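To start, the structure itself, in structure tokens.
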Amino acid sequence: MAKIKIVTDSTACLPAAYCAEHDIAVVQLSYTFEGQTVPEGTPEDWSDFYRRFAVSEDFPKTSQAGIHGFLEAYEQALYRDGYDSVLCMVVSGSVSGTYNSAVQAARMVEEKRIRVVDSLGGASSLIIMIDRALERRAKGMDIEGLAFFARWDAQHVKYQFTAATLEYLSRGGRLSKAMAMLGGALKILPLIELVEGRMEVTERVRGGEHKVVERMIAKLPPNCVRFGVTHVLAEEYAQQIASRLREMFPNAPVRVDQANPAIGSHLGPGAVGIAAFWE
């Protein structure tokens with residue numbers, strides 16, 4: 001059976017122990033915050049970042065994962081660790097240049113042995129794709145099959161999210177201060193979805209975050225078989241959402257994960273998201 005390495009980026013929000021257990025390489029995005037530029041790191045690092053971020057006047061500037069990081073991951077897998085091929089799944093190319101970095105690096109190594117897949121998502125939706133790829137790899141599927149089904153999976157994940165407040169969307173320049181003040185006064189929050197890899201505000205819901213989450217749940221496909229709940233310093237609320245999903249879909253596994261800084265800083269503490277995979 002061929003040895004196939006799985007490579008991803010830090011928007012997958014994978015704990016270090018999970019990556020070690022499944023032999024996954026993670027190429028880091030980075031952020032510049034309070035005068036320092038650092039790699040995102042792993043979920044074990046992010047609670048501290050968000051606590052500092054919540055009280056800071058500074059707003060992070062995020063950077064895509066670069067070509068060098070993917071070159072190192074590919075060369076390590078193929079030339080030093082003896083893998084036959086690499087499956088690389090990364091954050092949507094419509095929201096980050098990370099996908100282009102992964103593709104360019106593959107061309108600089110051995111493109112015929114590397115398959116790069118645009119997940120059309122990130123965070124919980126990317127985690128679902130990785131989990132499914134691991135299951136297929138364990139059953140002996142070859143690299144062409146893994147890449148084919150990873151692209152199929154990308155078309156079957158619905159990812160919705162919202163913020164607890166409009167403050168951070170405003171601070172990050174994605175919403176004017178006037179609109180943020182008006183939305184706050186009227187308790188209107190956006191329901192944001194990834195549509196073919198692009199972030200789109202598909203609805204504006206009045207009544208606060210819980211109302212938006214209720215709307216997100218109402219929009220889930222009836223044939224969901226797997227879920228991921230992403231949060232920013234909102235573990236308790238995310239677990240409540242996960243419990244609700246388990247009651248509605250008792251046969252569908254549900255993960256709960258902290259969002260990475262490159263995604264979470266634009267939504268701010270309290271933000272939650274739901275990724276749903278259907279067949």
Side-chain angles (χ1 to χ4, degrees), residues 2-16 18-20 22-33 35-43 45-46 49 59-127 129-130 133-134 137 143-144 146-148 150-151 153-154 159 172 194 196-199 259-266:
K3 288 182 63 180
I4 302 171
K5 181 77 173 186
I6 291 180
V7 175
T8 188
D9 63 67
S10 54
T11 69
C13 309
L14 294 175
Y18 181 95
C19 294
H22 297 288
D23 194 22
I24 298 170
V26 178
V27 180
Q28 297 285 322
L29 279 73
S30 62
Y31 61 83
T32 301
F33 180 58
Q36 290 186 311
T37 300
V38 295
E40 282 196 311
T42 64
D45 309 317
W46 296 342
F49 162 78
F59 194 89
K61 295 179 176 63
T62 58
S63 300
Q64 67 194 50
I67 294 174
H68 177 77
F70 287 105
L71 279 173
E72 175 60 29
Y74 298 158
E75 291 174 348
Q76 178 71 42
L78 297 176
Y79 304 144
R80 294 190 284 277
D81 294 341
Y83 283 86
D84 299 295
S85 53
V86 172
L87 174 66
C88 180
M89 296 174 286
V90 295
V91 64
S92 170
S94 294
V95 299
S96 171
T98 296
Y99 172 74
N100 285 333
S101 293
V103 171
Q104 290 180 49
R107 292 169 180 163
M108 297 168 68
V109 183
E110 281 191 69
E111 192 171 14
K112 64 182 180 181
R113 297 173 67 188
I114 303 168
R115 299 293 179 272
V116 182
V117 176
D118 185 338
S119 73
L120 304 180
S124 289
S125 61
L126 181 50
I127 295 171
M129 290 178 58
I130 291 169
L134 289 171
R137 184 181 68 174
I143 186 63
E144 295 298 343
L146 289 177
F148 174 86
R151 294 186 179 100
D153 287 348
Y159 192 22
L194 281 168
E196 290 297 315
R198 301 181 304 276
M199 289 194 297
N260 63 303
I263 293 175
S265 60
H266 291 283

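In this text, all values refer to a predicted model and were calculated from it rather than measured experimentally.
Looking at T62, its side chain never comes within 3.5 Å of a backbone N or O of A262 through a donor-acceptor pair. Proximity of a side-chain donor or acceptor of Q28 to a complementary backbone N or O of G41 within less than 3.5 Å is detected. Put simply, the side chain of T8 gets close to the backbone of M89: a donor and an acceptor are under 3.5 Å apart. Judged purely by atom type and a 3.5 angstrom limit, D84 has no side-chain atom pairing as donor or acceptor with the backbone of A2.
Using cut-offs of 30° and 60° for the angle between ring planes, the F49 and Y31 rings count as tilted.
Atoms NZ and OG, on K112 and S85 in that order, are 12.5 Å from each other to the nearest 0.5 Å. In this structure, the separation between CD on Q64 and OG on S96 is 5.5 Å, given to the nearest 0.5 Å. Taken from SG in C13 to CG in L126, the straight-line distance is 8.0 Å, to the nearest 0.5 Å. Note that the CG atom of L78 and the NZ atom of K3 stand 11.0 Å from one another [nearest 0.5 Å]. In this structure, R107 CZ and L71 CG are separated by 13.0 Å, a value rounded to the nearest 0.5 Å.
Between G122 and V91, the closest heavy-atom pair is CA-CG2, 4.3 Å.
Among the candidates L29, D45, D9, V26, the single residue satisfying the side chain to side chain contact (heavy atoms under 4.5 Å, CB included) test with E40 is L29.
Considering only heavy atoms from C-beta on, V117 stays 4.5 Å or farther from L146 through its side chain. Counting heavy atoms from C-beta on, the side chains of F70 and T98 come closer than 4.5 Å. Contact of the Y18 side chain with the T42 side chain is not registered, since no non-hydrogen atoms from C-beta on lie closer than 4.5 Å. Between I6 and H22 there is no side-chain heavy-atom pair separated by less than 4.5 Å. L120 has its side chain out of reach of L194: every pair of non-hydrogen atoms, C-beta onward, lies at least 4.5 Å apart. A 4.5 Å side-chain heavy-atom check between D118 and S92 finds at least one atom pair inside the cut-off.
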